[in-house]
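These notes are about the structure you will find just below.
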Amino acid sequence: MEDGEHEERWTAVDEYVVRQLIGEDAELDAVSAATEAAGLLGGPISATQGRMLELLVRISGSRRVLEIGTLGGYSTIWLARGLPADGQVITLELDAHAAEVARSNIASVGLADRIEVRVGSALRSLQELVAEDRGPFDLIFIDADKQNNPGYLEWALKLSRAGTVIVADNVVRAGRILDPDATDSRLGEGGLDGLRRFYDLLGSEPRVTATVIQTVDAKGHDGFALALVL
Ligand code: DHB
Ligand code: MG
């Protein structure tokens with residue numbers, strides 16, 4: 001098969017999985033539409049990946065979840081769906097407009113009482129969470145500007161305990177991660193380098209054991225890093 005045919009095939013399989021296992025989701029369709037209408041660019045995860053996040057929250061029995069990078073709140077809502085009634089997501093967003101859109105989306109699906117959106121530089125917000133003694137979190141999802149991924153991982157570890165699950169989005173980028181000359185304009189300046197430094201840190205950090213799950217779906221070929229804090 002040609003590359004394009006593979007892409008068509010895996011997209012068709014993704015649609016099949018959504019039909020078979022996830023089903024119609026009018027709430028999240030409206031969230032996606034509102035996010036697009038607000039002009040927010042960037043990449044929300046696919047529904048199949050969203051369900052994976054929900055499952056990871058449930059499998060780990062997480063009650064306190066931290067998300068770095070909110071955008072319109074699509075992945076935030078999937079994470080919150082995995083929580084028990086007394087669980088909470090704190091999600092960090094740099095852009096005040098995106099945070100407003102996310103708050104509105106979150107309210108529209110009835111999850112405002114379970115999700116706190118904090119606006120500002122995530123590195124600063126993370127420092128504040130440590131100062132406020134808000135950790136440890138049970139699961140941390142990293143999905144913001146990729147050049148800061150190594151710093152996000154370091155702060156995530158400060159906000160972890162043995163057993164914390166750390167997940168990071170976009171660690172494959174259709175294989176561009178392998179090519180030192182590749183650029184990835186959608187990740188911004190230094191994005192691929194940040195991801196490679198993130199791998200270096202993840203691979204050398206004795207406090208975690210980690211792997212990467214490559215994904216092919218409606219969003220193309222990418223992947224999740226999955227780590228457990230020891
Ligand atoms: C893109 C996708 C993402 O998941 C992300 O976090 C940033 C950018 C993209 O493909 O544009
Ligand atoms: Mg992402």
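Numbering of ligands and ligand atoms starts at 1, following listing order. Residue numbers start at 1 and run along the sequence shown. These values consider heavy atoms only, across backbone and side chains, with no hydrogens, waters or symmetry-generated copies.
Ionic pairing of Asp138 and Arg161 is present here: one or more N-O contacts between side-chain nitrogen and carboxylate oxygen are shorter than 4.0 angstrom. With respect to the salt-bridge test (charged N to carboxylate O, under 4.0 angstrom), the residues Asp25 and Arg51 do not qualify. Glu54 and Arg58 are joined by a salt bridge, as a carboxylate oxygen and a charged side-chain nitrogen come within less than 4.0 angstrom of each other. One finds no salt bridge joining Asp179 and Arg176 here, because no Lys/Arg side-chain nitrogen approaches an Asp/Glu carboxylate oxygen to under 4.0 Å.
Legend: residues meeting salt bridge (charged side-chain N to carboxylate O under 4.0 Å, His left out) with Asp29, ordered by chain and number and at least two apart, are absent.
Under a cut-off of 6.0 angstrom, the local environment of CD in Glu189 is sparse, with at most 12 non-hydrogen atoms contributed by other residues, nucleotides or ligands.
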Review item, side-chain donor-acceptor pairs of residues 206-213, under 3.5 Å, at least two apart:
| residue | atom | partner | partner atom | Å |
| --- | --- | --- | --- | --- |
| Arg207 | NE | Glu205 | OE2 | 2.8 |
| Arg207 | NH2 | Glu205 | OE1 | 3.2 |

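Pocket lining of ligand 1, defined as residues with a non-hydrogen atom under 4.0 Å away: Gly43, Asp143, Lys146, Asp169, Asn170, Arg173, Arg186, Leu187.
With rounding to the nearest 0.5 Å, the separation of CG in Asn170 from CG in Leu192 is 10.5 Å.
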Pair Tyr74-Asn105, side chain to side chain donor-acceptor pair (under 3.5 Å): steps then yes or no: CA-CA 8 Å; Tyr74 182 88; Asn105 283 334; over 6 Å; no
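Sorted by chain and number, the protein atoms of type N, O or S within less than 2.8 Å of the Mg ion (ligand 2) are Asp143 OD1, Asp169 OD2, Asn170 OD1.
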